[in-house]
Amino acid sequence: MSRNNLVDMSKQAPDLQRVVSDITDEMRQRSERGAVATYIPELARVDAKSFGLVVIDAAGNVAASGDCDQPFSIQSVSKVFTLTLALGKVGDRLWQRVGREPSGSPFNSIVQLEFERGKPRNPFINAGAIAVTDVILSGNRPREALGEIVRFIRLLADDPSISIDEAVAASEQRTGYRNFALANYMKSFGVLDNAVETALGVYFHQCAIAMSCRQLAMAGRFLAFLGRDPSTGHSIVKPERARRINAIMLTCGHYDGSGEFAYRVGLPGKSGVGGGILAVAPGKGSIAVWSPGLDTAGNSHLGTIALEALSNRLGWSVFGQLS
Ligand code: GLU
C-alpha cells in the first residue's frame with residue numbers, strides 16, 4: 001500500500017491487471033501506429049513505439065503496463081485541468097466567453113471563430129483553451145498562473161515531481177503560428193483580457209507539462225468519482241461540476257473525432273497531440289493511455305484502439321455498463 005492508499009493491482013485484482021497487460025501486448029504487436037505530431041518539432045523526437053496504459057479503480061487499485069512511468073507531453077489533456085481551475089475561479093460566467101458545443105472542426109481551426117464572432121465553440125479546441133487560460137491568467141502574473149496550474153495537477157496526482165518540459169514549450173512558442181492567429185483573432189473581438197503573447201506563453205507551457213500514464217490516471221480520478229479523491233475523500237469539485245466536465249470531455253474531447261470516440265469507447269476522454277488520452281469511467285475508474293502516433297483527427301491511434309478494447313472487455317461505458 002502506498003501513501004495514496006493505492007495498491008499494486010497485480011496482487012489484488014489479477015483480472016484487471018491481466019486485461020491491461022493483454023491489451024498492451026496486443027498494441028505492441030500492431031504495425032499501424034499512426035503518425036507522431038511534427039508541427040511542434042520537439043514532439044517529433046519521441047519514440048513512436050512507446051505505449052503505456054494505467055487503470056486506477058475506486059478502491060485505489062492500480063493496473064499498469066508498458067511505458068506507464070515514462071513522462072510524455074500531455075498537451076491538450078492539460079485543458080481538462082485548466083477548465084476545472086477556470087470554472088473554480090469564475091463559475092458559469094466562463095460560458096459567456098467559451099461555448100460548450102462540439103466543434104466538428106480540427107483542433108486548430110479558425111473558420112468557426114469568424115462566424116461566431118470570436119467566441120470559441122468549446123474549451124477543448126485550441127481557441128477555447130487559450131480563452132480558458134486567459135481567465136486563469138487574469139489578476140495573476142504569468143508565472144503565478146502557471147504555478148497555479150502545475151500545483152493543481154501535482155495535488156491531483158499526489159506527485160510533486162511533475163514539471164514542465166521547457167524544450168517542448170520553447171518549440172511550440174517558436175512555431176505556434178496558428179495559435180497566434182487564433183489568439184489575435186479572439187483579442188480583436190475582446191474575448192481575451194490579457195496580451196496575446198502573455199496568454200499564449202502560459203498556454204504553451206501548460207501544454208508542455210510532462211506526465212506519465214500513472215500520474216495522469218491519478219490526476220483524473222476526481223472526475224470518475226463525482227469530484228472527490230476516492231482515497232482521501234477530499235472534494236476537488238462538486239459532483240455536478242464533475243459531471244459537466246465529463247459531459248464536455250465526451251462531446252468535445254477528441255476534436256472532430258469526438259463522435260467516433262464516443263461510439264467506439266463510450267467514455268468521456270480528452271486527447272493530446274503528445275499521444276496521451278485521459279478517460280473517465282464514472283464510478284469505476286480513471287484510465288490513462290499513451291501512444292504517440294496520431295490518427296488524422298490528431299488523436300492517439302493505438303490509444304483509442306486500446307481504450308475501445310478496455311471498455312469492451314470491462315463493460316465500462318457510460319451508455320450501459322456491465323455491473
Ligand atoms: N499545444 C498544442 C497546440 O496548441 C495542443 C494541441 C493538442 O494537443 O491537441 O497545438
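Position 1 is the first residue of the sequence; numbering continues from there. In each ligand, atom 1 is the first atom listed, and ligand 1 is the first ligand listed.
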Applying ring pair (Phe, Tyr, Trp, His ring centres under 6.0 Å), can you list everything that pairs with Tyr255, at least two apart in sequence or on another chain?
Phe107

For Ile130, what are the other residues in its hydrophobic cluster, where any two members join if their side-chain heavy atoms are less than 4.5 angstrom apart?
Ile110, Leu113, Phe180, Leu182, Tyr185, Met186, Phe189, Val191, Leu192, Val196, Leu200, Tyr203, Phe204

In a simple table, one pair per line, please give the protein and ligand 1 atom names for every N or O pair closer than 3.5 Å, along with the distance.
residue: ligand 1; atom: 1 (N); partner: Gln75; partner atom: OE1; Å: 2.5
residue: ligand 1; atom: 1 (N); partner: Glu172; partner atom: OE1; Å: 2.9
residue: ligand 1; atom: 1 (N); partner: Glu172; partner atom: OE2; Å: 2.7
residue: ligand 1; atom: 4 (O); partner: Asn126; partner atom: ND2; Å: 3.0
residue: ligand 1; atom: 4 (O); partner: Glu172; partner atom: OE2; Å: 3.0
residue: ligand 1; atom: 4 (O); partner: Asn179; partner atom: ND2; Å: 2.8
residue: ligand 1; atom: 4 (O); partner: Tyr203; partner atom: OH; Å: 2.6
residue: ligand 1; atom: 8 (O); partner: Ser76; partner atom: N; Å: 3.0
residue: ligand 1; atom: 8 (O); partner: Ser76; partner atom: OG; Å: 2.7
residue: ligand 1; atom: 8 (O); partner: Val273; partner atom: N; Å: 2.8
residue: ligand 1; atom: 9 (O); partner: Ser76; partner atom: OG; Å: 2.9
residue: ligand 1; atom: 9 (O); partner: Tyr255; partner atom: OH; Å: 2.5
residue: ligand 1; atom: 10 (O); partner: Tyr39; partner atom: OH; Å: 2.5
residue: ligand 1; atom: 10 (O); partner: Asn126; partner atom: ND2; Å: 3.1

Run the numbers on Asn194 and Ser138 for side chain to side chain contact (heavy atoms under 4.5 Å, CB included), then give the verdict.
CA-CA 7 Å; Asn194 299 281; Ser138 289; 3.2 Å; yes

Check: residues 271-278 side-chain donor-acceptor pairs under 3.5 Å, at least two apart:
residue: Ser271; atom: OG; partner: Asn299; partner atom: OD1; Å: 2.5

Just one of Asp165, Ile149, Leu216 clears the side-chain contact (heavy atoms from CB on, under 4.5 Å) bar with Ile209, so which one?
Ile149

Ile153 pairs by side-chain contact (heavy atoms from CB on, under 4.5 Å) with which of Ile162, Thr82, Val77?
Ile162

